[in-house]
Amino acid sequence: MRAALKATAPAAPRTEAQLLARAHALAGRTIGELGGEAGIALPPDTRRDKGIIGDLVEWALGADAGGADAPDFTELGVELKTIPLGPGGKPKESTFVCTIHLDDAGDLEWAQSRACRKLARVLWVPVEAGPELPLAQRRIGAAVLWTPSEAQEAALRADWEELSGLIGEGQLDQITAHLGACLQVRPKAANARVRGNARDAGGAPVRTLPRGFYLRTSFTASVFAEPDA
DNA sequence: TATTGATCATGC
DNA sequence: GCATGATCAATA
């Protein structure tokens, strides 16, 4: 999504240090302040504008991918993810990673996968969340520029290989969000009637609900518990 | 109440 | 339709 941001965004950061400095400068600021600077009127809540916070932070930091299948900061190869934190500092929601190409999921290596590329370098920007907290009052927290530790990448890879393997074998019907210790497969569509291309166990084309990879909250919590991990 | 499955908005 | 940005809300 792309909100109707009226004000001019800052130029894309040229170095990771510059990006991180900008992100740190956002700590303590509110979504209301960002909305004002961007020149937009905030919606009353996020029910109809679920991506509004992500859009505002993208704008404030100078993300330049603009809806393309590329890192948010194209020159730096850094992906931006805002993450809602509850009162206890724990993630309140899972994190969408990418959609899954269901018709050729078995033909790829982890290292070349979209999931791996998206997660190779991520700037996590935590934002206070909770239905009791008005959108404009939600504060931005301390950003973390992250690369998976060896253990984290191994866990991600194991889940990805298991899930991609099942999809590649046409076992999509057996995949639920219960699978995967850190990475899970869930629907990613406008509604449950949407169909996309996949393959059955015999390799024949079938139409099914589009899916995406998501990070469990227990995994993203480890990002903030071990910034250097 | 945590989690899974479903959904909302927008651009091309 | 699929990519971007995610959160909602029914259910276990």
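Proteins come first, then strands; the chains are lettered A, B, ... in the order of their sequence lines, and each starts at number 1.
Toward the 5′ end of DNA chain C lies the nearest nucleotide of A/R195, the other residue of the pair A/R195 and A/R138 mapping further downstream. Between A/A189 and A/T217, the residue anchored nearer the 5' end of DNA chain B, judged by the nucleotide with its closest heavy atom, is A/T217.
For the OP1/OP2 pair of C/dT11 and a distance below 4.0 Å, the side-chain nitrogens and oxygens of A/H178 include no atom meeting the criterion. Note on A/T46: every side-chain N or O is 4.0 Å or more away from OP1 and OP2 of C/dT7. Between C/dT7 and A/S94, no contact under 4.0 Å exists linking OP1 or OP2 to a side-chain N or O. Contact between the side-chain N/O atoms of A/R216 and the OP1/OP2 oxygens of B/dT4 is found at a separation under 4.0 Å. A/R186 has no side-chain polar atom (N or O) that falls below the 4.0 Å cut-off from OP1 or OP2 of B/dG5. In terms of phosphate contacts, A/R47 brings a side-chain nitrogen or oxygen within less than 4.0 Å of OP1 or OP2 of C/dA9.
Of the inter-residue distances, the one linking A/D103 atom CG with A/R199 atom CZ reads 5.5 Å to the nearest 0.5 angstrom.
With a 6.0 Å radius and a threshold of 12 heavy atoms from other residues, nucleotides or ligands, A/R14 has its CZ atom at or below the threshold. Remark: A/R47 CZ is loosely packed, at most 12 non-hydrogen atoms of other residues, nucleotides or ligands lying under 6.0 Å away.
With B/dT7, C/dA3, C/dC2 as the candidates, the nucleotide lying closest to the side chain of A/N197 is C/dC2. Closest to the side chain of A/P84, out of C/dC2, C/dT7, B/dT7, is C/dT7. When each of C/dA3, C/dG1, C/dA6 is scored by its nearest atom to the side-chain atoms of A/H101, the top-ranked nucleotide is C/dA3. Nearest to the side-chain atoms of A/E93 among the listed nucleotides C/dA3, C/dG5, C/dA9 stands C/dA9. The side chain of A/Q184 approaches B/dT4 more closely than any other nucleotide in the set B/dT4, B/dT3, B/dG5.
C/dC8 atom P lies 18 Å from atom CG of A/N191, rounded to whole Å.
Residue-to-nucleotide contacts include no donor-acceptor pair under 3.5 Å from the side chain of A/K188 to the base of B/dG5. In this model, no side-chain donor or acceptor of A/K92 finds a partner on the base of C/dT7 within 3.5 Å.
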Open item on the list: Go through it in stages, so that I can follow the logic: the residues are A/R139 and A/L85, the test is side chain to side chain contact (heavy atoms under 4.5 Å, CB included), and I'd like the CA-CA distance, side-chain angles, deciding distance and then a yes or no.
Closed with: CA-CA 10 Å; A/R139 290 175 301 178; A/L85 294 188; over 6 Å; no
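A salt bridge is absent between A/E93 and A/K50; no separation between the charged side-chain nitrogens and carboxylate oxygens falls under 4.0 Å.
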